[in-house]
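Atoms within each ligand, like the ligands themselves, are counted from 1 in listed order.
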Amino acid sequence: MNRVNYDKKMQEIIDGLKGKPRLYLHSCCAPCSTACLERLFPYFNLTVVYYNPNIDTAEEYALRAAEEKRYIKEVYGDKIKIIENGHNPQVFEEAAKGMENCKEGGERCRVCYKLRMEYAAALCNKEDFFATTLTVSPLKNAEVINVIGEELAEKYGVNYLPTDFKKREGYKRSIVLSEEHLLYRQNYCGCRFSKNRLNENKEGI
Ligand code: SF4
């Protein structure tokens with residue numbers, strides 16, 4: 001079965017744009033957003049949606065949110081808006097109930113992607129687009145993320161921009177930009193389960 005090239009799909013949509021539509025970009029963190037913003041900025045009026053109730057502690061949430069705001073301010077000034085409405089970890093805990101033992105990349109992650117992407121989709125008017133930075137990570141399955149995006153677009157009657165930001169050296173570029181701007185780069189995905197797994201690995205379990 002041929003895999004869908006979501007990066008090519010993105011470029012085709014961009015080539016067909018008339019004007020510069022609004023795009024709500026769900027962002028998981030500043031480092032991942034760097035290369036995505038660079039790629040989208042010439043074509044869209046961007047609003048970054050920092051909605052991540054999956055993050056395990058209030059401190060970690062605040063740190064990642066502050067870095068996202070700092071980066072946008074440093075590079076784009078006031079040209080990119082940001083929406084950030086607080087942590088709300090109970091939303092994630094509720095959604096992840098019964099999936100505590102799922103492996104990373106499994107059903108709990110699918111639910112987590114959807115939860116966060118849906119927040120951005122729900123902000124759109126019908127002519128707007130939404131997308132997510134999640135596809136820049138080589139650890140995340142772009143197909144799973146893009147299928148969720150297409151389902152949400154249908155549900156809300158809005159436009160989803162398919163992406164595979166890791167393509168064309170996107171992930172490498174995110175590392176370069178993160179280093180240039182001295183961004184905090186966390187070593188776990190975000191939820192308490194991913195933190196536990198990290199700690200277990202450190203202990204050699
Ligand atoms: S590992 Fe990452 S994507 Fe999966 S549930 Fe945790 S925070 Fe969400």
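Looking only at atom types and distance, the side chain of T133 has no donor-acceptor partner in the side chain of S33 under 3.5 Å away. With 3.5 Å as the limit, one finds a donor-acceptor pair spanning the side chains of Y188 and D56. With no hydrogens or angles considered, a side-chain donor-acceptor pair links E84 and Y61 at under 3.5 Å.
Under 4.0 angstrom from ligand 1, the non-hydrogen atoms of Y113 all belong to its side chain.
Proximity of the aromatic rings of F129 and Y160 is defined here by a centroid distance below 6.0 angstrom, and this criterion is not met.
For ligand 1, the atoms sitting less than 4.0 Å from at least one non-hydrogen atom of C189 are 1 (S), 2 (Fe), 3 (S), 7 (S), numbered in the order shown with element in parentheses.
For atom 4 (Fe) of ligand 1, the N/O/S atoms of C109 include one lying under 2.8 Å. Atom 6 (Fe) of ligand 1 has an N, O or S atom of C191 inside 2.8 Å of it.
The nearest protein atom to atom 1 (S) of ligand 1, hydrogens excluded, is given as E104 CG, 3.5 Å; this is a heavy-atom distance. Of the protein's non-hydrogen atoms, R108 NE, 3.4 Å is the one closest to atom 5 (S) of ligand 1. The closest protein non-hydrogen atom to atom 8 (Fe) of ligand 1 is C112 SG, 2.4 Å.
Panel note: side chain R39, backbone F165; a donor-acceptor pair is recorded below 3.5 Å.
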